[in-house]
Peer 1: 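The structure's right below; bear with me while I get my questions together.
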Amino acid sequence: MKKIAFIGLLITISFCIGCDNNNSSATSSTTYTTTVEEVTTTEAEPPVEFFYAEGLYNFKFANDTIRETFLAAAEDYLLDTMYSGIPLYAGADYYIYNHRVDLPTDKYISVLAYGDEFGSMTIDDSSVLMGDGHLGNTREYTFRSTVSAFGQTYNQWIADTSSDSIIMELYLDSLYDFVINDSENGFNLVPSMASNEPIPIESSQSEFDITVSYKWQIPIKDNLEWYFSPETNSIFLNNIDSYDTTISATDFVDTYKLAIDGSWFRAVSGGNDFLSSAHIIEGLEDYMDGSGSWEDVGLKVVDNNIEFTFITELDSWDVMYLLSSIHLTPINTDLYNFLKNDGDSETNYGDSFTNIAYSGPYYITSINEDILNLEENPMYYDKDKYSYTGFEFHLTGDYSTIKDLFDNGYLDYFKVSINDVSEYRDNYHVVEVPNGIINRLNLNATGSVAEFNKLFPDTNYTPEPILADQNFRLAMFYAIDRLALTEALGNGVPIDRLFTDTALLSIEKGINYRYTDIGMSVGSDMSPETYGYNLEKAVEYFNLALDTAMALGLYERGTVDNYTIINLDLDFVLSDGHTILANFIKDAFEDNFISNEYYIKVIVTINEMDYPNIYWDNMKIGDFDMFVGGVANSNFSITNSLNLFCSDNRSAFLMNFGYDTSIAEIEVEYIDMSGDSKAEIWSFDAIISALAGEVILENGEEIS
C-alpha cells in the first residue's frame, strides 16, 4: 500500500473557512517529540504558509498521489461542512456463495466484483448435487449457477443480450482482460490473447506526457489454438488437418472484414464498435458507403500483429479497453465458410454450440432441457489461470426457483433478495455490493427568507435558521446510528462518507479510491469505527449551535413547563424502507436534541410524498427543510459525482442549498508534477474543475 508521504513530507489536508482574501491564511504546525536519556524536548515545525492557487491548472492526468490528495481534500471539505447533506446508507445487492467457494478477495473490486471467476473450491463435486440429481465426480470442481436465457446466438458479433454474454465470457477469450491487481485494491487490464501491450506507431506525447498515436499494433501470442466441439460437423472434423487451427492476427482481421461486410451488430453499432466516435477506424466509413476500398481501411496484418489506424489519437489504455471485449474476438472463418457451403443458402455458423470454434478457457459440452454444461478447453493456452474444471448453468430467471435450487444444494451462488438476506447471513458466505446510490438527508441551509429568496425568489417558504449552522449539521451527522439503521431497514450498507467501495480513482488506473491510503484517511476524525455515530459529539455540537442561535436572537428561551420547539420538516418518498428511515431519524433527533439550559427541543414532522413529485414540486424549488434522497454516483468518474455538490448547480441536480463552493477556503499541501512543494488555498469548485481538466484560478477561485 502506498503511504501518504513523499520526499519526507506528510501530505496534510486542512480547511480555512472564512480566510481573509490575501495571499496567506491560517497556519498549522506539527510537533515532533524526541526522547534522549529521559529528557524530552519538543520542537515545533515552522508554521506552513498557504497561498491562494494562481494560474493554469490541470490535474486530469496528474499522478495518482495528486489526484487522491485533491479528491480527499474535496470530500473532507464536504464532510466538515456537511454541504453535501448527511450521508446515511448506500443501497446494495447481496450475493451468496456456497462455503466450498473460496473467493480471491474479500474486497469489492470495480468491474470484477469479488472476482469469483478467479476463485477456487475447497471441496470437489463428489459431495454436491449436480443438475441430474446425482452427486458429482471426484477431483472435479464445477461452479454451479443460473442464467435467465441462453442460445439466442453463439456468434458473439451479433449477440445483444447479457445472458448470452455471461456464457460467452467463458468460452471466448479477448485480446486484453481484467484481473485483480496484486494489492487487491483494484484491477489491472492485461494482455490475454495479445502477447504484450499495444505498440504505438509514429507516436507523439500529449500535453500530459502520455504516449498517443493514430496507429497501434497488437502482437498476438504464438500458442493460441482453436478448439472444436467433438459434435461439430464430422466431415469438417475429419478434414481438420487441412486447416490452420492456430489463432493468428489474420483470423482477427478476416473476422473484422466479415463482420463489417455483414453489418454485424458489434462491428458497426452498440458503442464499443469500429464506427463509435471514440475510436472510428480510418477509411471504414468510405468503404462501407462504397467510395473506398478495403485496402484503405485501417485494419491490417503486419508481422502477425493486428494493426489498427484510428482517425483520432488514442493512448494505450484506450486501445486495450476497446479490445477487452469478447465481442471483438475472431470467429473461425474456415468453419464459417464450410458451413456456408454445405448446401444451405446461408451459413449456420453460430446457430448452435457445435457450430462455433472455441478460444476461451471452457467449451460447451451439452445443453439438455434446462441445463447447460461447460468443461475445460484442452487447447486453452493458460491452464493455471482458472481453477474451476467446469460450469453448470440452470436455465431460469424465476427467483423462487433459484432460491429452491440453492436451498436444495444445486447451486454455488445466487443473488439473494433483500428480504431473504437474514435467512442466509449466519450460515453462508454473503457479500454486499454497494450500488453507488448513497441516500442522504438533504438540507435547506439558507437560514433566512432573505437568503432563500436569492435562490428562489418565486417560492414562498420560510427556512429553519438552525439548519444554516455548521455545528448543528455536524450534530445531525453524529446523532445517526447508521449500522442500526441498515439493520432496521434490512438492506443497505452504512455510509458515513461520500463514496462507496465501488468508486474508482480512475478507470485507467483501476484503483478503488476508497482503498487508497489517502481515501481511507477521509473522515478519520469523525468516528469511522461506528460509521460516524457518536452521541457525545452530537450533543456537544447541538449545544454549540444553540449557543450561537441564542446569541443571534434566532430563538426564544423556553421554560421548564413550556419548551420552545424547533420544528424540522422531513420529506420522504412513501415506501416501507423510507418510512422506517424517516421514523429512525425523527427518533434520533428528538431523543438527543433537547436543551435543558435554554428549554428548547427539536421536533421532526415527517411528510410522505409521491415520487417523482418530491423532486420537482419540493426539492427543485427549495421547498423543504430536510428530505431523503440520493443520486447514483458514477463509479468511473468521481469528479462527475462531486459536481452534484457545486453550488452553481452545474450538475442541474443540486439537492442541498445555502452555501457557496466557489469561495477559496480549502488548504492543500502537495508535491506538484515538477516535484515542487505546494501549500495552496483552493475553492471546492476549482478542485473539481482541475481534476476534470483545464482551469484558470485567481485567488484560489475559478475565473474561467
Peer 1: For the residue pair Y89 and N491, confirm or rule out a side-chain donor-acceptor distance under 3.5 Å.
Peer 2: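 No.
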Peer 1: Just wondering, are more than 12 heavy atoms of other shown residues or ligands nearer than 6.0 Å to CZ in F589?
Peer 2: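 Atom CZ in F589 is crowded, with more than 12 foreign heavy atoms closer than 6.0 Å.
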Peer 1: Do T605 and N567 pair up side chain to side chain, a donor and an acceptor below 3.5 Å, judged on atom types alone?
Peer 2: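 Yes - a donor-acceptor pair under 3.5 Å links their side chains.
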Peer 1: More than 12 heavy atoms of other residues, nucleotides or ligands under 6.0 Å from CG of D676: yes or no?
Peer 2: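 Atom CG in D676 is packed in, count exceeds 12.
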Peer 1: How are the rings of Y659 and Y83 set to each other: parallel, tilted or perpendicular (split at 30° and 60°)?
Peer 2: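 Parallel: the ring planes of Y659 and Y83 meet at under 30°.
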Peer 1: Name all pairs fulfilling the salt bridge (charged side-chain N to carboxylate O under 4.0 Å, His left out) condition that reach into residues 447-467, sequence neighbours left out, sorted by first residue then second.
Peer 2: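 For residues 447-467: E451-K454.
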Peer 1: Will you find, in the side chains of N181 and N185, an N or O donor that is under 3.5 Å from an N or O acceptor?
Peer 2: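 Note: N181 and N185 side chains meet the donor-acceptor criterion.
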Peer 1: Does any donor atom in the side chain of Y515 or E184 lie under 3.5 Å from an acceptor atom in the other side chain?
Peer 2: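 No, no side-chain donor-acceptor pair sits under 3.5 Å.
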Peer 1: Would you say the ring centers of F59 and F70 fall short of 6.0 Å from each other?
Peer 2: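 When the ring centroids of F59 and F70 are compared, they turn out to be within the sub-6.0 Å range.
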Peer 1: Is a side-chain donor-acceptor pair under 3.5 Å present for N442 with N656?
Peer 2: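 On atom types as modelled, these side chains qualify, holding a pair under 3.5 Å.
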Peer 1: Compute whether any side-chain donor of one residue and acceptor of the other, for N607 and D571, lie under 3.5 angstrom apart.
Peer 2: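 Yes - a donor-acceptor pair under 3.5 Å links their side chains.
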Peer 1: Return each pair, listed once, that meets salt bridge (charged side-chain N to carboxylate O under 4.0 Å, His left out) where at least one residue sits in residues 641-658; pairs must be two or more places apart or across chains.
Peer 2: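 Counting only pairs at least two positions apart or across chains, the salt bridge (charged side-chain N to carboxylate O under 4.0 Å, His left out) contacts touching residues 641-658 are D648-R650, R650-D685, R650-E702.
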Peer 1: Quick one: do the E669 and S677 side chains pair a donor with an acceptor below 3.5 Å?
Peer 2: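 Checked: E669/S677 side chains show no N/O donor-acceptor pair below 3.5 Å.
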Peer 1: Is it the case that over 12 heavy atoms from other parts of the model lie below 6.0 angstrom from the CD atom of E536?
Peer 2: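 12 or below, so no.
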Peer 1: Tell me, please, which residues at least two apart from F477 pass ring-ring contact (aromatic ring centres under 6.0 Å, His included).
Peer 2: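 Once residues adjacent in sequence are excluded, F477 has no partner under the ring-ring contact (aromatic ring centres under 6.0 Å, His included) criterion.
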Peer 1: Apply salt bridge (charged side-chain N to carboxylate O under 4.0 Å, His left out) to residues E75 and R514 and explain how you reach the verdict.
Peer 2: CA-CA 11 Å; E75 188 181 14; R514 193 86 285 155; 2.9 Å; yes
Peer 1: Quick check with a 6.0 Å cut-off and a 45 degree axis cone: is K601 positioned over the face of F593's six-membered ring?
Peer 2: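 Judged by the rule, K601 and F593 form no cation-pi pair.
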Peer 1: Flag the pair W682 / Y52 as yes when their ring centroid distance falls below 6.0 Å, and as no otherwise.
Peer 2: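 No, too far apart.
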Peer 1: State, without any angle test, whether E680 and Y57 hold a side-chain donor-acceptor pair at a distance under 3.5 Å.
Peer 2: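 Yes, side-chain donor-acceptor contact under 3.5 Å.
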Peer 1: Can you tell me if T661 and S647 form a side-chain donor-acceptor pair at under 3.5 Å?
Peer 2: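 Checked: T661/S647 side chains pair up, N/O donor to acceptor below 3.5 Å.
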Peer 1: Measure across A72 and I518 and return the closest heavy-atom pair with its distance rounded to 0.1 Å.
Peer 2: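 Scanning both residues, the minimum pair turns out to be CB-CG2, 3.4 Å.
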Peer 1: Please report whether the ring centroid of F684 lies less than 6.0 Å from that of F645.
Peer 2: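 No; F684 has its ring centre 6.0 Å or more from that of F645.
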